Amino acid sequence: MSTIAVIDFETTGVSPEQGARATEVAIVLLEQGRVVDRFQSLMNAGVRIPSFITQLTGITNAMVAAAPPAEQVMGEASRFVGEAPMVAHNAAFDRKFWVAELDRAGLSAPQPYACTVLLSRRLIPQAPSHKLGSLISFLGLPPAGRAHRALADAEMAASLLAHLQQQLQERWQLQADHALLSSLQRCSKAAVPGWLAQQRERHAAV
DNA sequence: TGCCAGGCCCTCTTTAGGGCCTT
């Protein structure tokens, strides 16, 4: 049975190359569209949190100071994910921090990533916004607690991913595993209808 | 004080520019 790990980081900024560090990580394991396990932890990377980040996330310096070291948390997160493929909302962002924080902990990051922003732009082009919270609201999916906290955002991204997988199955009769989603996100939006028809024919021929 | 990234998409494009999305 294929397991997908949906991840979300809270951080001190947008770029590890510019010194930003992770402050919290959450991972939700999905199997056939259902949540089967969760991991969440604040982490202490030894950096101060900018005030606007505290306003955005609610994560304070005191909270992070009381959290376990970043290296320890990333080691636990890495073991939790294993070799499962990963998905995030704007995966380019979370993947950078996944790679950077694991590298600091002396660990590799071999997992492939897919992105729910790219997927939703292709499968839900009519959405007025492709921000995570906006998509959840637009689709009528249940919110999962405070936005901009890692577990709530990971739960919402998982809910969005399950919805996209269901859409692929109901509208195009495609079992949306990670390989299919990764291929889909590399298509241009204009090419999606033809690509989906091609995939369905291929699936029917098997 | 103000700014800082980067990959993707769309269009008034392709020898480019601006907006989106993440914290």
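Predicted, not measured: the structure shown is a model, and the values here were computed from it. Below, chains carry the letters A, B, ... as their sequence lines are ordered, and counting in each starts from 1.
- Within the 3.5 Å criterion, the main-chain N or O of A/Ala20 finds no donor-acceptor partner in the side chain of A/Thr12.
- Looking only at distances, no side-chain donor or acceptor of A/Ser182 sits under 3.5 Å from a matching main-chain atom of A/Ala179.
- Phosphate proximity of B/dT23 to A/His148: present, with a side-chain N or O under 4.0 Å from OP1 or OP2.
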Protein-nucleotides 10-16 of chain B N/O pairs under 3.5 Å:
unit_1	atom_1	unit_2	atom_2	d
B/dC10	OP1	A/Lys189	NZ	3.0

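- At distances below 3.5 Å, at least one donor-acceptor pair connects side-chain atoms of A/Gln111 with backbone N or O atoms of A/Gly82.
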Just list the side-chain donor-acceptor pairs under 3.5 Å for residues 125-139 of chain A, sequence neighbours left out, or say none.
unit_1	atom_1	unit_2	atom_2	d
A/Ser129	OG	A/Lys131	N	3.1
A/His130	NE2	A/Ile124	O	3.0

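- Remark: P of B/dG7 and CZ of A/Phe97 are 14 Å apart, rounded to the nearest angstrom.
- Judged by closest nucleotide on DNA chain B, A/Gln185 is the one of A/Lys131 and A/Gln185 placed further toward the 5' end.
- Residue contacts shown for A/Ile53 include a base, since a base heavy atom lies under 4.0 Å away.
- Closest to the side chain of A/Asp153, from the set B/dC21, B/dA5, B/dT23, is B/dT23.
- One can place CZ of A/Phe52 at 14 Å from P of B/dC3, the figure rounded to the nearest angstrom.
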When the side chains of residues 150-164 of chain A are checked against the rest of the protein, which donor-acceptor pairs come out under 3.5 Å, sequence neighbours left out?
unit_1	atom_1	unit_2	atom_2	d
A/Asp153	OD1	A/His148	N	3.1
A/Asp153	OD2	A/His148	N	3.2
A/Glu155	OE2	A/Arg38	NE	2.3
A/Glu155	OE2	A/Arg38	NH2	3.4

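- Residue A/His130 has no polar side-chain atom (N or O) positioned under 4.0 Å from OP1 or OP2 of B/dC20.
- Residue A/Arg186 contributes atom CZ, which lies 11 Å from atom P of B/dC8 at whole-angstrom precision.
- Membership of the apolar cluster around A/Val64 extends to A/Leu42, A/Ile49, A/Phe52, A/Ile53, A/Ile59, A/Met63, as traced through chained side-chain contacts below 4.5 Å between ILVMFWY residues.
- Comparing B/dC4 with B/dT23, their C1' atoms sit 13 Å apart, to the nearest whole Å.
- Identified under the side chain to side chain donor-acceptor pair (under 3.5 Å) test for residues 78-97 of chain A, with sequence neighbours left out: A/His89-A/Thr116.
- Across all strands, A/Asp8 comes closer than 4.0 Å only to sugar-phosphate atoms, never to a base (heavy-atom distances).
- Annotation: B/dG18 and B/dC3 have their P atoms spaced 16 Å apart (nearest Å).
- Here A/Phe9 lies in heavy-atom contact (under 4.0 Å) with sugar-phosphate atoms only.
- Distance noted for atom C1' between B/dC12 and B/dG17: 11 Å (whole Å).
- If you take atom C1' in B/dG2 and the same atom in B/dG7, they sit 25 Å apart, rounded to whole Å.
- When rounded to the nearest whole Å, the span between CG of A/Leu135 and P of B/dT22 equals 8 Å.
- Taking only side-chain atoms of A/Glu10, from C-beta outward, the nucleotide of B/dG6, B/dT23, B/dC8 with the closest atom is B/dT23.
- Backbone-only contact: A/Ser129 has heavy atoms under 4.0 Å from sugar-phosphate atoms and none from a base.
- One can place CG of A/Leu118 at 12 Å from P of B/dT22, the figure rounded to the nearest angstrom.
- Atom pair A/Asp94:CG and B/dA5:C1' shows a separation of 14 Å (rounding to whole Å applied).
- Distance noted for atom C1' between B/dT13 and B/dG19: 15 Å (whole Å).
- Of the candidates B/dT23, B/dC21, B/dG6, B/dG6 carries the atom nearest the A/Lys96 side chain, counting heavy atoms from C-beta on.
- Here the P atom of nucleotide B/dC21 and the CG atom of A/Leu119 are 14 Å apart, to the nearest Å.
- Among residues two or more places apart in sequence or in another chain, the side-chain hydrogen bond (donor to acceptor under 3.5 Å, both in side chains) test is passed with A/Gln40 by A/Glu24.
- Between the CG atom of A/Leu151 and the C1' atom of B/dT23 there is a distance of 17 Å, given to the nearest Å.
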